[in-house]
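All remarks here apply to the structure that follows.
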Amino acid sequence: MITLYHHPRTRSSRFIFLLEELGTPYEIHRIANLRKADGSGDVDPENPHPHGKSPALKDGDVLVWESTAIALYLTDRFPQNGLGPVVGDARRGAYVSWLAYYAGVMEPAWMSAYMKWEIPRGTAGWVKTDAVMEFVNATLAKGPYLLGEKFSAVDILVGTTLKMFMGSPLLEKTPLLDAYVKRIVERPAYARAQARENG
């Protein structure tokens with residue numbers, strides 16, 4: 001049985017969405033405590049994440065943590081719905097690259113912008129959000145999803161992130177991005193995930 005270690009309104013919420021898309025049985029272990037931004041608070045001793053964060057996922061004796069690792073693990077473990085191109089699929093390179101890009105470039109770019117940190121150009125492994133969005137927009141201009149015509153787990157990670165920032169000072173709401181986010185959040189699995197999140 002898959003167990004998602006989840007705290008409401010954190011990065012783990014999108015894995016309820018992914019698990020609903022995969023259609024595999026799973027259970028949610030609600031994490032009682034997370035460390036707060038100011039460093040206060042206790043870590044839930046039942047949370048297996050090495051830093052007490054959310055998400056973490058257990059599949060029997062297998063423990064996986066970090067968003068992109070969980071996405072890759074789940075789509076490789078349950079390939080039947082095609083949410084992650086398998087080894088040998090021509091789209092596999094783009095898929096794993098987008099997963100790495102999300103963790104290594106997009107998230108640091110958004111955090112830098114949110115915290116108003118200046119990025120040391122030429123030495124940082126990431127870029128500013130305007131360069132990220134230039135790449136995202138160019139990719140979405142070619143097809144409805146980041147891998148072209150086919151929805152994937154990458155769209156869950158990126159689409160839910162854009163939903164969070166779009167319309168804020170950090171991300172302008174444009175017709176292209178708005179249409180993309182709507183394609184993601186209007187999926188039936190997203191509605192089911194929201195019901196489980198709030199139930």
Side-chain angles (χ1 to χ4, degrees), residues 2 4 11-24 26 49 55-59 62-113 119-166 171 174 176-187 189-190 193:
I2 298 287
L4 176 66
R11 288 175 178 86
S12 64
S13 296
R14 57 196 173 191
F15 291 104
I16 303 174
F17 180 10
L18 178 54
L19 286 160
E20 288 292 330
E21 286 281 356
L22 291 169
T24 189
Y26 68 98
H49 189 288
L57 182 131
K58 286 193 88 173
D59 180 10
V62 176
L63 172 65
V64 188
W65 67 96
E66 297 306 307
S67 291
T68 53
I70 293 171
L72 183 60
Y73 180 84
L74 286 173
T75 56
D76 280 357
R77 175 83 165 77
F78 303 103
Q80 61 272 18
N81 290 2
L83 293 177
V86 298
V87 173
D89 186 317
R91 296 167 303 155
R92 177 73 173 192
Y95 178 60
V96 296
S97 295
W98 271 105
L99 289 172
Y101 186 78
Y102 178 82
V105 179
M106 290 185 81
E107 281 225 351
W110 290 117
M111 182 56 71
S112 298
I119 300 171
R121 301 298 274 193
T123 57
W126 65 96
V127 295
K128 291 185 176 182
T129 55
D130 57 347
V132 167
M133 292 314 301
E134 183 178 332
F135 177 52
V136 169
N137 287 329
T139 303
L140 291 175
K142 298 175 197 168
Y145 300 107
L146 292 171
L147 298 184
E149 295 297 320
K150 181 79 172 131
F151 172 79
S152 74
V154 168
D155 295 300
I156 292 177
L157 296 181
V158 175
T160 56
T161 300
L162 296 181
K163 179 182 185 296
M164 181 173 58
F165 286 115
M166 196 168 57
L171 181 61
T174 66
L176 179 69
L177 293 180
D178 188 44
Y180 172 65
V181 168
K182 282 182 178 170
R183 280 193 293 280
I184 306 306
V185 301
E186 288 178 353
R187 296 179 68 86
Y190 182 81

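The first residue of the sequence shown is numbered 1, and numbering continues consecutively from there.
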Salt bridge check, Arg91 against Asp89: does any charged N sit closer than 4.0 Å to a carboxylate O?
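Looking at Asp89 and Arg91, the cut-off is met.
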Taking only Lys NZ, Arg NE, NH1 and NH2, and the carboxylate oxygens of Asp or Glu, determine whether Lys150 and Asp155 approach each other closer than 4.0 Å.
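Judged by the 4.0 Å cut-off on N to carboxylate O distance, Lys150 and Asp155 do not form a salt bridge.
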What pair of heavy atoms forms the shortest contact from [X] to [Y], and how long is it?
X      : Y      : answer
Ile184 : Gly159 : CG1-CA, 4.2 Å
Ala56  : Leu63  : CB-CD1, 4.4 Å
Leu18  : Ala153 : CD1-CB, 4.1 Å

Surrounding CZ of Arg11 (heavy atoms of other residues, nucleotides or ligands, distance under 6.0 Å), is the total greater than 12?
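12 or below, so no.
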Quick check on Trp65: does its CH2 atom have over 12 non-hydrogen neighbours (other residues, nucleotides or ligands) under 6.0 Å away?
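No, not enclosed.
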Begin with the C-alpha distance, continue with both residues' side-chain angles, and end with the deciding distance and a verdict on side-chain contact (heavy atoms from CB on, under 4.5 Å) for Val105 and Phe135.
CA-CA 11 Å; Val105 179; Phe135 177 52; over 6 Å; no
Let's go through Leu177 and Leu140 carefully: what are the C-alpha distance in whole Å and the side-chain angles of both, what is the deciding distance for side-chain contact (heavy atoms from CB on, under 4.5 Å) to 0.1 Å, and is it a yes or a no?
CA-CA 8 Å; Leu177 293 180; Leu140 291 175; 4.1 Å; yes
Student check: side-chain heavy atoms of [X] and [Y] closer than 4.5 Å:
X      : Y      : result
Tyr145 : Val154 : no
Met106 : Thr161 : no
Val136 : Tyr180 : no

To the nearest 0.5 Å, how far apart are [atom1] in [X] and [atom2] in [Y]?
X      : Y      : atom1 : atom2 : result
Trp110 : Leu171 : CH2   : CG    : 4.0 Å
Asp59  : Leu74  : CG    : CG    : 8.0 Å
Leu157 : Leu146 : CG    : CG    : 10.0 Å

Distance flag, aromatic centroids of Phe15 and Tyr26, threshold under 6.0 Å
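Judged by ring-centre distance (under 6.0 Å), Tyr26 and Phe15 do not meet the cut-off.
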Do the side-chain N and O atoms of Arg14 and Ser67 include a donor-acceptor pair separated by under 3.5 angstrom?
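Note: Arg14 and Ser67 side chains meet the donor-acceptor criterion.
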